[in-house]
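Each ligand, and each atom within it, is numbered from 1 in the order the structure gives.
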Amino acid sequence: MTNRKPRVLVTREVFDETLDYLRQHCEVLANQDDVPYAPDALAAKLADCEGLMCCLTDRVDAALLAAVPQLKVVANIAVGYNNIDVPACTARGVMATNTPGVLDDSTADLAWTLMLGTARRLPEVERRIRAGEWTGWRLKQWLGVDVHHATLGIVGMGRIGQAIARRAAGFDMKVIYHNRNRIAPELERKANATYVSFDDLLAQADFIVLQVPYSPQTHHLIGAPQLAKMKPTAILINSTRGGVVDDAALIGALKNGMIRGAGLDVFENEPKLNPGFLELDNVVLAPHIGSSTEATRKAMAMLAAQNLVAALRGEAPPNLLNPEARSRR
Ligand code: DGY
């Protein structure tokens with residue numbers, strides 16, 4: 001039995017306050033250079049660590065877990081955790097945690113930023129004004145569409161979906177949603193949202209916002225058949241995860257006018273972008289910044305650190321994804 005502090009690896013740059021907190025409880029190997037580790041390097045760095053604080057750019061799979069049997073906890077700085085093989089963690093008694101709650105409002109704000117920006121063509125007109133193309137006011141100039149009084153369809157009505165819905169009240173929108181399970185009547189009332197089938201949502205919504213987690217079940221949830229069911233005036237917003245949308249199919253639909261536009265914060269194979277997006281004016285592109293405000297990213301990193309420390313102290317971390325893992329140790 002050694003009384004050294006537990007050793008933890010932090011795979012990407014974090015805030016000083018996050019490191020200060022971690023250092024009170026742990027010996028910290030930090031990667032403030034922020035260069036992502038390749039899988040072999042990650043396993044090597046983790047060789048004598050009990051804790052891992054990681055991000056969605058790190059893959060925690062069965063092979064990595066097999067290489068580091070002393071690992072006790074994986075704390076993701078994200079609410080989404082499709083980068084972590086949770087069943088493989090559970091099988092090895094490794095606790096896995098995420099950061100729900102603290103990013104709901106910032107992510108909902110970004111979904112709205114994309115909705116408004118796409119509807120009013122803001123990035124396109126900004127590019128044009130900088131290029132000197134604005135020669136004066138004209139009645140039919142760069143016409144957009146109204147967000148107010150339109151129908152908002154939300155696919156995935158968890159906390160973030162509900163936060164997006166609540167914001168729609170200020171725009172007098174009709175809100176419809178689809179979710180694996182219908183949410184409680186009280187939550188529906190707060191969100192002022194009506195449950196509809198997936199197909200009805202695709203057919204009725206003027207703005208479709210995707211907020212489902214990525215999984216094999218949601219892979220290409222929106223592909224050519226679903227795009228064909230949308231209104232030709234529909235605007236699609238993906239602020240959740242790349243892979244939920246078939247990017248090639250979306251580019252086809254945007255090119256041939258099957259839908260009006262799209263606002264995207266996430267992409268298949270990001271940060272590589274399908275070059276087709278770059279040729280289009282009716283798509284607004286953002287670099288996975290849904291939760292990226294200073295306050296929210298600080299809160300996410302601190303919550304991940306608290307999860308990590310609690311687990312290493314033998315306590316149940318606040319955001320434990322696999323409670324069964326604790327009994328396996
Ligand atoms: C999340 O928390 O899943 C976000 O995508 C990370 O910014």
Side-chain angles (χ1 to χ4, degrees), residues 10-15 17-18 31 34 36-37 52-61 73-86 89 95-115 154-164 167 179-180 209-222 236-245 247 262-273 284-308 317-322:
V10 182
T11 61
R12 300 294 301 271
E13 184 179 13
V14 290
F15 301 96
E17 65 197 48
T18 324
N31 179 18
D34 209 28
Y37 294 128
L52 168 63
M53 194 157 126
C54 59
C55 297
L56 51 86
T57 51
D58 304 301
R59 180 139 300 281
V60 179
D61 55 15
V73 53
V74 176
N76 214 29
I77 313 177
V79 66
Y81 49 88
N82 54 301
N83 57 313
I84 300 175
D85 184 338
V86 178
C89 287
M95 287 177 263
T97 67
N98 68 339
T99 61
V102 291
L103 46 65
D104 297 350
D105 285 316
S106 298
T107 307
D109 289 350
L110 196 273
W112 269 88
T113 306
L114 289 173
M115 272 172 61
I154 301 173
V155 184
M157 201 57 154
R159 284 178 317 268
I160 299 172
Q162 291 171 43
I164 293 168
R167 283 155 173 72
N179 200 46
R180 219 172 11 172
V209 180
L210 304 174
Q211 208 51 65
V212 290
Y214 179 75
S215 70
Q217 290 71 41
T218 59
H219 178 73
H220 287 186
L221 182 71
I222 301 292
L236 177 71
I237 304 297
N238 187 6
S239 46
T240 183
R241 276 289 182 278
V244 173
V245 175
D247 284 355
L264 307 172
D265 187 40
V266 287
F267 306 88
E268 291 190 281
N269 310 314
E270 61 184 51
K272 283 193 193 130
L273 238 61
V284 174
L285 308 171
H288 203 145
I289 52 164
S291 59
S292 190
T293 68
E294 188 173 342
T296 294
R297 286 281 166 90
K298 281 185 172 170
M300 290 165 68
M302 191 54 88
L303 188 54
Q306 287 162 349
N307 280 318
L308 191 76
N319 309 111
L320 184 57
L321 295 165
N322 56 349

Residue that, paired with Q211, satisfies side-chain contact (heavy atoms from CB on, under 4.5 Å) out of I160, V155, N179, I237: I160

Sole candidate of L221, V266, I222 that passes side-chain contact (heavy atoms from CB on, under 4.5 Å) when paired with V245: I222

Check: N238 side chain, R241 main-chain N or O, donor-acceptor pair, under 3.5 Å: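 Pair found, side chain donor or acceptor close to backbone of R241.
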
Donor-acceptor under 3.5 Å (N322 side chain, M95 main chain): no

Straight-line distance of I77 CD1 to T11 OG1, nearest 0.5 Å: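 Output value for this atom pair is 6.5 Å.
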
Which ligand 1 atoms, with their elements, are less than 4.0 angstrom from a heavy-atom of [X]?
X: G80; answer: 1 (C), 2 (O), 3 (O)
X: R297; answer: 7 (O)
X: A78; answer: 1 (C), 2 (O), 3 (O)

Heavy-atom proximity to atom 1 (C) of ligand 1, best of T107, V79, L56, N83: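 Selected option, by shortest heavy-atom distance: V79.
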
Distance-minimising heavy-atom pair for G80 and N76: O-ND2, 3.0 Å

Contact summary for L303 and P100, nearest pair of heavy atoms: CD2-O, 3.8 Å

Contact partition for T99 relative to ligand 1, non-hydrogen atoms under 4.0 Å: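 Near ligand 1, T99 shows nothing, with every heavy atom at 4.0 Å or more.
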
Using distance alone, decide if ligand 1 has a nitrogen or oxygen within less than 3.5 Å of any nitrogen or oxygen in [X].
X: I77; value: no
X: T240; value: no
X: L103; value: no

For atom 7 (O) of ligand 1, the protein heavy atom that lies nearest, with its residue and separation: S291 OG, 2.9 Å

